[in-house]
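Input: a single structure, listed below in structure tokens.
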Amino acid sequence: MPSPSGPAPSGSTPACPDGGPGADAAARADGARPPRYRAVLAVREFRAVFAAHLLSSLGVVVCELALSVLVFRITASPLLGALTLALGLLPYAVGGTLLSAVADRCAARRVLVGCDLLCALAAAGMVLPGTPVPVLLALRCVLAAVAPVFAGTRAATLGEILGSGERFALGRSVIRLVNQGAQLTGFGAGGLLLAAASPRAVLALTAGCFLGSALLLRLGTRARPARGTGRGAARRGALLGASLGGVRRLLADRRVRALLLLSWLPPAFVVVPEALLVPYAGLLGVGPAGTGLLLCAMPLGAVAAESLVGAFLGPRARARLTFPMGVFAVLPSLGFAARPSLGWAVLLLVLTGTGISYTFGVDRWFVAAVPEERLGQAMTVLQAGRMTVMGLAMGLAGAAAEWAPLRVVMPAAGAVGAVAVAAVIREVRRTARGPAGPVRRRVRAGRTAAGPVPGTEN
């Protein structure tokens, strides 16, 4: 979770000495190779962001598992145990909408460190003996409501640390790799910890993870002024009004709206088969080991694809993958119509996970489309919307599975998703070719140096 690296003026994201769009263009002009993961990890501030994100991600995953176990032990209610996990997604909409202006009207490092400290306090509150279940669930909601503000602020400051070009896309890729890796290792580590210690003791460790993340961000990143400094819209008025007004302005921009939908829709349809994997494993009769294998398959595919695309493909090739992989991500779900065996189901889920590679292009286009003074809020809305639609899709998938067999519900997500994503892709293409607003004029002005207009590479 980053913070800026030294005072920087508001306005267009400055190219940093070791990265940014200007550096990418210069590298192409000199015939040098485009940046790779090594160039991103060579930036000292980003290494602090990476380490902090690793700590906090593991803390979140382990917290979800430990709290779910604790609530179930107290209440013996499967509903409340499952609700604990659901509360990790649903409050995103509240935090991402009502608090989104925080990302631009406050200094980034202050926001990031403050969010980590608030999460540490919430986790510490869960540790206290005798804490009522409603309070435990409320504290889980605090973690989830803070998460989109934190993620949006971090994503915006990556542009200041790495620049808004290929290094930004690769930095976002590293963050996604951490997210997927935390899913794979966090539940395993959490399970081992819960076998050796009580849920409250494990929750105390998660509080320590958040404190460690806050310390890394405070000491490893530099302070910059808020992006909205000097911009009346970003600084005046109550937080709620500024947040809602900023969200309205973002959604009123046709280009930004199209890119938001392209960021939200594929994950929404991809999580439908994932949400139904436990009942599908029961249908196959594969037991806990088979269930675990199914649950790990999609993150494995995502990690493999993200790593290979980021390490071996250049900017133009990644951009060309965006639209095909966005559609491809939802297609493997169609295979569940044949009720595949465990091995084939794992293969379908791995292929689904590879669709994450479409996000390289979307990330870069989105940053180019959003005014700098609203970038933090835009990234907060993007993250909150994605998690919210995923949570809603999971709930709808479960409801549909009550009325229809799994071999109908799971492939239906693939069929509907393919049509919906194709329609959004058409809108993204159309907005890239339409009249240029101030931001898109700036992108087109650099066409000869930085490549084609975002969203038109195919």
Original post:
Strictly under 6.0 Å, is that where the ring centroids of Trp365 and Phe168 end up?
Top reply: no
Original post:
Which residues pass the ring pair (Phe, Tyr, Trp, His ring centres under 6.0 Å) test with Tyr280, sequence neighbours left out?
Top reply: Phe336
**OP:** Please examine the side chains of Leu177 and Ser307, heavy atoms only from C-beta on, and report whether any two atoms are closer than 4.5 Å.
**Re:** yes
Original post:
With sequence neighbours left out, what residues match Val135 under side chain to side chain contact (heavy atoms under 4.5 Å, CB included)?
Top reply: Thr131, Pro132, Leu139
**OP:** Let me see the working for Phe323 and Val421 under side chain to side chain contact (heavy atoms under 4.5 Å, CB included), right down to the final yes or no.
**Re:** CA-CA 9 Å; Phe323 295 150; Val421 174; over 6 Å; no
Original post:
Under 3.5 Å, is there a donor-acceptor pair between the side chain of Thr354 and the main chain of Leu351?
Top reply: yes
**OP:** Under the side chain to side chain contact (heavy atoms under 4.5 Å, CB included) rule, collect the residues that match up with Val389, sequence neighbours excluded.
**Re:** Trp264, Ala268
Original post:
Can you find a pair of side-chain heavy atoms, one from Phe360 and one from Val309, that are under 4.5 Å apart?
Top reply: yes
Original post:
Where is the tightest heavy-atom contact between Tyr358 and Ser263, given as atom of each residue plus distance?
Top reply: OH-O, 3.2 Å
**OP:** For Ala201, check side chain to side chain contact (heavy atoms under 4.5 Å, CB included) against everything at least two apart and list the hits.
**Re:** Ala197, Ser198
**OP:** Just do the side chain to side chain contact (heavy atoms under 4.5 Å, CB included) check on Ser333 and Val272 with the steps written out, would you?
**Re:** CA-CA 9 Å; Ser333 301; Val272 170; over 6 Å; no
**OP:** For Leu65 and Leu193, run side chain to side chain contact (heavy atoms under 4.5 Å, CB included): C-alpha distance rounded to whole Å, both residues' side-chain angles, the deciding distance at 0.1 Å, then the answer.
**Re:** CA-CA 10 Å; Leu65 181 60; Leu193 288 171; over 6 Å; no
**OP:** Could you tell me which non-hydrogen atom of Ala297 sits nearest to which non-hydrogen atom of Leu349, and how far apart they are?
**Re:** CB-CB, 3.6 Å
Subject >> Any donor-acceptor N/O pair, Thr388 side chain to Gly385 backbone, under 3.5 Å >> reply: no
**OP:** Answer yes when Arg140 and Glu64 have at least one side-chain N-carboxylate O distance shorter than 4.0 Å, and no when they do not.
**Re:** yes
Subject >> Steps toward side chain to side chain contact (heavy atoms under 4.5 Å, CB included) verdict (Met298, Val270) >> reply: CA-CA 10 Å; Met298 199 178 293; Val270 160; 3.4 Å; yes
**OP:** Mark yes when over 12 heavy atoms from residues, nucleotides or ligands other than Arg200 sit less than 6.0 Å from its CZ; otherwise mark no.
**Re:** yes
Subject >> Nearest atoms (heavy-atom pairs only) where Arg44 meets Gly220 >> reply: NH1-O, 3.2 Å
**OP:** Please name the pair of heavy atoms, one in Pro266 and one in Leu262, separated by the smallest distance, quoted to 0.1 Å.
**Re:** CD-O, 3.2 Å
Original post:
Under 6.0 Å from the CZ atom of Arg218, do we count more than 12 heavy atoms belonging to anything else shown?
Top reply: no
Subject >> Polar contact flag, side-chain donor to acceptor under 3.5 angstrom, Arg172-Thr359 >> reply: no
**OP:** Carefully, step by step, assess Glu427 and Arg257 under the rule salt bridge (Lys or Arg N to Asp or Glu O under 4.0 Å).
**Re:** CA-CA 9 Å; Glu427 178 67 4; Arg257 190 168 63 244; 5.2 Å; no
**OP:** Flag the pair Leu143 / Met126 as yes when at least one side-chain heavy-atom distance between them is below 4.5 Å, and no otherwise.
**Re:** yes
**OP:** Please identify each residue that fulfils side chain to side chain donor-acceptor pair (under 3.5 Å) with Ser173, with sequence neighbours left out.
**Re:** Tyr37, Glu306
Original post:
Which heavy atom of Val330 sits nearest a heavy atom of Gly417, and at what distance?
Top reply: CG2-C, 3.8 Å
Subject >> Stacked cation flag Arg255 on Phe366, 6.0 angstrom / 45 deg >> reply: no
Original post:
Under the side chain to side chain contact (heavy atoms under 4.5 Å, CB included) test, which residues partner Leu41, sequence neighbours left out?
Top reply: Phe46
Original post:
Is Asp363 paired with Arg318 through a side-chain N to carboxylate O contact shorter than 4.0 Å?
Top reply: no
Subject >> Atom of Leu117, atom of Ala214 and distance for their closest heavy-atom approach >> reply: CD2-CB, 4.0 Å
